[in-house]
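Here the structure is a predicted model, which is why all the values come from computation and not from measurement.
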Amino acid sequence: MFGPESRVVVVVGAQWGDEGKGKLVDVLAERADWVVRYQGGANAGHTVDLGDRSFVLHQIPSGILHPGVRCAIGNGVVLDPDTLFDEIDGLVKAGVDVEGRLYVSERAHLVLPYHKAVDGASASSKAIGTTGRGIGPAYEDKIARRGVRVLDLRHPEKLREIVEKGAAHARGMLSRDGSDKTVDVDAVLALLGRLSERLLPLADDVGLTIHRAVRAGAAVLLEGAQGSLLDIDHGTYPFVTSSNTTAGGAAVGVGIGPNAIDRVLGVVKAYTTRVGNGPLPTELDEPLQTQVRTLGNEFGATTGRPRRCGWFDALVVRYATRVNGLSDLAVTKLDVLDTLDRLGVCVGYEIDGELHDEFPGDLVKLDCVKPKYEWFDGWKRSTATARTLADLPAEARRYLDRIEALVEAPITYVSVGTRRDQIIGL
């Protein structure tokens with residue numbers, strides 16, 4: 001993964017999120033010097049299974065589980081400081097050494113209590129299917145120039161002024177949505193005062209630090225959250241998240257130049273899932289939907305919500321390959337398909353009688369899609385112990401070969417289980 005020609009690597013989801021990025025980052029972080037999270041917030045949930053223990057990381061990069069690897073939260077993240085410290089305390093309790101290894105961008109914006117109140121009361125948030133953790137309202141305040149950054153905690157008078165602006169907007173939004181919740185500026189400032197004692201010592205000019213690390217030859221892994229089809233610009237708008245999840249957001253969300261990035265690894269499941277509302281052209285019918293959800297334990301790591309499941313959609317992943325400039329792919333959860341008799345791969349969309357081979361941005365068209373499938377025989381035996389390509393059944397290799405050809409990106413990793421060692425490097 002890392003070498004003279006690939007010192008800075010981006011790991012990005014190439015479907016609707018939940019692709020298994022946390023495991024891939026954990027596996028790759030062993031050879032990294034730095035792991036940096038570049039967007040999203042506590043709405044993400046990256047699960048890492050170490051065999052005897054399992055960790056769900058919401059804001060801290062997965063590299064924290066490797067001793068000696070330094071981790072940073074970039075300026076593109078909207079940071080929930082309260083839950084950040086819950087996460088840190090949980091890691092320390094589990095015996096993970098965090099001291100001196102975690103940095104937070106001083107330019108990162110904070111998710112505040114009134115952001116969560118607005119998110120919870122918003123009818124539009126419920127319709128889209130957000131996690132209700134204040135991510136969207138925090139990004140909205142950032143764009144409207146009334147957001148609170150980590151560095152603002154150093155200046156109490158300025159901080160009060162910014163919080164009052166944000167609180168006034170939140171009151172208006174809550175009133176519009178008929179909520180009886182109130183916003184107490186003094187209570188928010190008191191909370192920030194307590195949190196700043198732990199947060200400010202972590203604050204850093206992360207962009208500068210990573211720039212210097214790259215110039216010194218460090219191996220840097222940039223970790224995204226959610227997936228490409230949830231990108232605010234390139235996803236299935238409006239059923240998207242509030243940030244740029246695609247690889248182009250990595251440089252912006254860390255504070256380095258795009259020419260510093262050497263490689264972009266896309267992570268996909270061997271099938272397709274999404275959480276919440278919005279199009280999913282290959283969605284399975286019952287009872288197969290429930291069967292695959294159960295086999296794959298397809299429930300949100302952050303919310304516990306059941307994920308919708310579908311066949312692998314080559315149009316989605318080929319689109320993600322293009323908008324991310326993917327160098328290669330990691331396919332996860334191949335083992336979930338071990339018991340199925342046959343497998344479908346979507347190779348085209350029929351819309352109003354016309355066949356399309358590219359993913360459209362028009363949701364009206366997506367609502368009318370009739371997927372065209374190629375069908376493959378299942379392999380009907382466990383892949384969990386496979387550690388080389390030759391260990392996989394011939395049917396599984398044919399399935400992967402066809403996916404590779406359809407999405408126009410080489411497959412370099414295949415995950416066959418949740419544990420760190422259950423992976424094939426091709």
Do the side chain of His66 and the main chain of Asp26 share a donor and acceptor less than 3.5 angstrom apart? yes
Exercise: do Tyr349 and Asp313 side chains pair donor with acceptor under 3.5 Å: yes
Do you know which two heavy atoms are closest between Gly255 and Asn75, and how far apart they sit? N-OD1, 3.7 Å
I'd like to know if Arg318 and Asp357 make a salt bridge, using a cut-off of under 4.0 Å between side-chain N and carboxylate O. no
Side-chain donor/acceptor of Lys370 to backbone N/O of Ile351, under 3.5 Å: no
Under the side chain to side chain donor-acceptor pair (under 3.5 Å) criterion, do Ser415 and Gln422 qualify, and how do the steps go? CA-CA 6 Å; Ser415 175; Gln422 290 180 297; over 6 Å; no
SB check Lys380 Asp341 (cutoff 4.0 Å): yes
side-chain hydrogen bond (donor to acceptor under 3.5 Å, both in side chains) partners of residues 134-143, not counting sequence neighbours, each pair once: His115-Asp141, Glu140-His169, Asp141-Arg146
Any chance you could measure Asp328, atom CG, to Ile411, atom CD1, to the nearest 0.5 Å? 10.0 Å
I'd like to know if the side chain of Thr290 pairs up with that of Glu286 as donor and acceptor (distance under 3.5 Å, no hydrogens or angles considered). yes
CZ of Arg7 to CZ of Arg263: how many Å apart, nearest 0.5 Å? 12.5 Å
Does Tyr237 OH have over 12 foreign heavy atoms under 6.0 Å away? no
For side chain to side chain contact (heavy atoms under 4.5 Å, CB included), just list the numbers for Val220 and Val10, CA-CA rounded to whole Å, side-chain angles, deciding distance to a tenth of an Å, and then say yes or no. CA-CA 9 Å; Val220 179; Val10 180; over 6 Å; no
Please check if the side chain of Gln289 supplies one atom and the backbone of Leu284 the other of a donor-acceptor pair under 3.5 Å. yes
Output yes when a side-chain donor or acceptor of Asp391 lies under 3.5 Å from a complementary backbone atom of Arg387, and no otherwise. yes
Just checking Trp16 against Phe239, ring centres under 6.0 Å apart? no
Decide, yes or no, whether a salt bridge links Asp352 with Lys365 under the criterion of side-chain N to carboxylate O below 4.0 Å. no
Test your reading of the model: is there a side-chain donor-acceptor pair from Glu87 to the backbone of His58, 3.5 Å cut-off? yes
May I ask you to say whether Lys333 pairs ionically with Glu19, meaning some side-chain N is under 4.0 Å from a carboxylate O? no
So among Thr209, Val206, Val69, which one has a side-chain contact (heavy atoms from CB on, under 4.5 Å) with Trp34? Thr209
Sidechain N-carboxylate O distance under 4.0 Å for Glu283, Arg308: yes
Which pair of non-hydrogen atoms, one from Ala14 and one from Leu229, has the smallest distance, and what is that distance? O-CD2, 4.2 Å
Side chain Ser243, main chain Thr245, donor-acceptor under 3.5 Å: no
Measure the spacing between CG of Leu24 and CD1 of Ile423 and express it to the nearest 0.5 Å. 5.0 Å
Any donor-acceptor pair under 3.5 Å linking the side-chain atoms of Lys23 with those of Thr418? no
In short, Leu221 meets Ala29 closest at the heavy-atom pair CD2-N, 4.0 Å
Nearest-0.5 Å distance that lies between atom CG in Asp231 and atom OG1 in Thr246: 3.5 Å
Using modelled atom types and a 3.5 Å cut-off, is there a donor and acceptor pairing between side-chain atoms of Thr272 and backbone atoms of Trp311? yes
Is a side-chain donor or acceptor of Gln39 paired with a backbone partner of Gly74 at a separation under 3.5 angstrom? no
Polar side-chain atom of Arg305 near backbone of Phe299 as donor-acceptor pair, under 3.5 Å: no
Under 4.0 Å between a side-chain nitrogen and a carboxylate oxygen: does that hold for Arg274 and Asp18? no
Glu30 CD: over 12 foreign heavy atoms closer than 6.0 Å: no
Side chains of Gln15 and Ser228: donor-acceptor distance under 3.5 Å anywhere? no
If you look at every heavy atom in Val336 and Leu295, which pair is closest and at what distance? O-CD1, 3.7 Å
From OG1 (Thr412) to CD1 (Ile424), nearest 0.5 Å: 12.0 Å
Evaluate the criterion side chain to side chain contact (heavy atoms under 4.5 Å, CB included) for residue pair Asn297 and Thr294; output intermediate values, then yes/no. CA-CA 5 Å; Asn297 190 28; Thr294 302; over 6 Å; no
From Leu199 atom CG to Leu192 atom CG, the distance as rounded to the nearest 0.5 Å: 9.0 Å
Going by the rule ring-ring contact (aromatic ring centres under 6.0 Å, His included), which residues pair with Tyr399 if we only count those two or more places apart in sequence or in a different chain? Phe376, Trp379
Do you know the tightest heavy-atom contact between Ser196 and Pro201? O-CD, 3.8 Å
Under 4.0 Å between a Lys/Arg side-chain N and an Asp/Glu carboxylate O for Glu298 and Arg293? no
Neighbour count >12 (heavy atoms, 6.0 Å) for atom CZ, Arg198: yes
For Val252, the side-chain contact (heavy atoms from CB on, under 4.5 Å) test, sequence neighbours excluded, returns none
Stepwise side chain to side chain contact (heavy atoms under 4.5 Å, CB included) check, Leu326 with Leu265: CA-CA 6 Å; Leu326 295 184; Leu265 173 67; over 6 Å; no
Are Arg107 and Asp205 within salt-bridge range, i.e. N to O under 4.0 Å? yes
Nearest heavy-atom contact between Pro281 and Pro371 is O-CG, 3.1 Å
Do any N or O atoms from the side chain of Arg70 and from the backbone of Val35 form a donor-acceptor pair under 3.5 angstrom? no
Glu106/Arg149 ion pair, N-O < 4.0 Å: no
Carboxylate-amine/guanidinium proximity below 4.0 Å for Arg133 and Asp80: no
Taking only Lys NZ, Arg NE, NH1 and NH2, and the carboxylate oxygens of Asp or Glu, determine whether Arg381 and Asp338 approach each other closer than 4.0 Å. no
